Amino acid sequence: MSYWLMKSEPYSYSIQDLKRDKRAFWDGVRNYQARNFMIQDMKIRDKVLFYHSNGKPSGIAGLARICKKAEVDKTAFDKKSKYYDQKASPENPRWKAVTVEFVQIFPHFISLSDLRKEKTLKDMLLLKKGQRLSIMPVKKKDYDYIVKMSKKQM
DNA sequence: GCCAACGTTGGC
DNA sequence: GCCAACGTTGGC
């Protein structure tokens, strides 16, 4: 079992949207490191912290779970898509994405500044300077700690 | 909207 | 294979 953090801009796709849809294909990732995590490392039932980036404020909004292994991301072939990549084609798809399913919205949203206040979490990749990955691994102990934080008022 | 930090591209 | 130029991310 592995643990992950996946970022999404709430204006484009929020955890409330995921709750409504139940499942979402995580298309649009155009970073190799993030893609490789999805293709090589994510397993069905892996747990996911759903992060709202560029939010007011940014932070962790809830939980999701991997429910389908990586499949070809066809938005890369679609000229009208904002995720269009002219170097991708059905013969050489280049991009793949997993499907995630809704688990829960946190009773208390955990902002980035809340996370920074926790000494225990100081080594999280998310909190490292200049770190911009939209999908990143999370340690079990950090995942568990964050779930615990979500249950109490900050 | 700004801008630091980082990733990608392409010329050489 | 280097690296400058450019594009993107994402916090603020």
Side-chain angles (χ1 to χ4, degrees), chain A residues 2-21 24-42 46-66 70-100 102-139 142-143 145-150 152-154:
Chain A
S2 302
Y3 300 82
W4 305 94
L5 181 140
M6 297 172 83
K7 295 181 183 174
S8 182
E9 305 208 0
Y11 315 104
S12 76
Y13 199 83
S14 70
I15 193 150
Q16 286 77 17
D17 295 325
L18 183 63
K19 184 179 184 184
R20 179 196 63 212
D21 298 341
F25 182 56
W26 208 261
D27 56 13
V29 170
R30 295 294 178 266
N31 170 284
Y32 286 107
Q33 236 185 311
R35 182 204 69 175
N36 291 345
F37 285 137
M38 291 201 285
I39 296 177
Q40 298 167 11
D41 303 315
M42 283 185 172
D46 277 1
K47 298 186 174 188
V48 176
L49 298 169
F50 196 111
Y51 183 87
H52 281 174
S53 60
N54 263 318
K56 290 181 180 175
S58 300
I60 300 172
L63 302 177
R65 185 190 300 134
I66 307 301
E71 300 167 307
V72 170
D73 178 357
K74 298 197 181 78
T75 60
F77 321 140
D78 178 2
K79 280 204 169 122
K80 280 171 289 191
S81 170
K82 65 173 172 170
Y83 302 128
Y84 176 67
D85 176 358
Q86 59 171 17
K87 293 191 176 162
S89 64
E91 297 73 39
N92 176 25
R94 192 154 151 147
W95 304 108
K96 287 188 171 191
V98 295
T99 302
V100 302
F102 176 76
V103 175
Q104 70 161 133
I105 294 176
F106 278 165
H108 306 291
F109 179 84
I110 305 175
S111 71
L112 188 58
S113 60
D114 291 336
L115 293 170
R116 289 196 195 284
K117 281 181 212 151
E118 302 295 325
K119 281 211 177 79
T120 325
L121 301 177
K122 69 175 183 350
D123 292 325
M124 276 188 85
L125 262 186
L126 177 71
L127 305 181
K128 297 267 153 119
K129 189 181 171 189
Q131 167 314 115
R132 297 183 325 183
L133 268 180
S134 64
I135 295 176
M136 63 181 86
V138 173
K139 292 196 190 97
D142 293 339
Y143 178 92
Y145 190 82
I146 287 165
V147 170
K148 208 179 294 170
M149 283 172 75
S150 75
K152 55 185 181 205
Q153 192 73 55
M154 298 305 292

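Since this is a predicted model, take the numbers as computed values, not measurements. What's counted below: heavy atoms across the whole structure, side chains too, no hydrogens, waters or symmetry copies. Per chain, numbering begins at 1; letters A, B, ... match sequence-line order.
- Contact of the A:L5 side chain with the A:V48 side chain is not registered, since no non-hydrogen atoms from C-beta on lie closer than 4.5 Å.
- Taking the six-membered ring for Trp and the full ring otherwise, the centers of A:W26 and A:F50 sit less than 6.0 Å from each other.
- If you check every strand for non-hydrogen atoms under 4.0 Å, A:R35 touches nothing.
- Between A:Q86 and A:Q33, the one whose closest nucleotide on DNA chain B sits nearer the 5' end is A:Q33.
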Using a cutoff of under 3.5 Å, can you pull out all pairs of nitrogen or oxygen atoms linking the protein to nucleotides 1-4 of chain C, with atom names and distances?
none

- Query: Can you give one letter per nucleotide of nucleotides 5-12 of chain C, going 5' to 3': B for a protein heavy atom under 4.0 Å from the base, S for sugar-phosphate only, - for none?
  - Reply: --BBBBBS
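- Checking A:D114 against A:S111 by side-chain atom types alone, a donor-acceptor pair falls below 3.5 Å.
- The shortest distance between side-chain heavy atoms of A:L115 and A:I146 falls below 4.5 Å.
- A donor-acceptor pair under 3.5 Å is formed between the side chain of A:D46 and the backbone N or O of A:S2.
- Of the possible donor and acceptor atoms, none in the side chain of A:K19 sits under 3.5 Å from a partner among the backbone N and O of A:F102.
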Taking only distance into account, with no hydrogens and no angle test, what donor-acceptor pairs under 3.5 Å do side-chain atoms of residues 30-40 of chain A form with protein atoms, sequence neighbours excluded?
unit_1, atom_1, unit_2, atom_2, d
A:R30, NE, A:Y83, O, 3.0
A:R30, NH1, A:D73, OD2, 2.9
A:R30, NH2, A:D73, OD2, 3.3
A:R30, NH2, A:T75, OG1, 3.0
A:R30, NH2, A:Y83, O, 3.0
A:N31, OD1, A:Q33, N, 3.0
A:N31, OD1, A:A34, N, 2.9
A:Y32, OH, A:R94, NE, 3.1
A:Y32, OH, A:R94, NH2, 3.0
A:R35, NH1, A:R94, O, 2.7
A:N36, ND2, A:Y32, O, 3.3

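- Residue contacts shown for A:K87 are limited to sugar-phosphate atoms, with no base heavy atom under 4.0 Å away.
- Under the 4.5 Å side-chain criterion, counting only non-hydrogen atoms from C-beta, A:D27 is not in contact with A:Y13.
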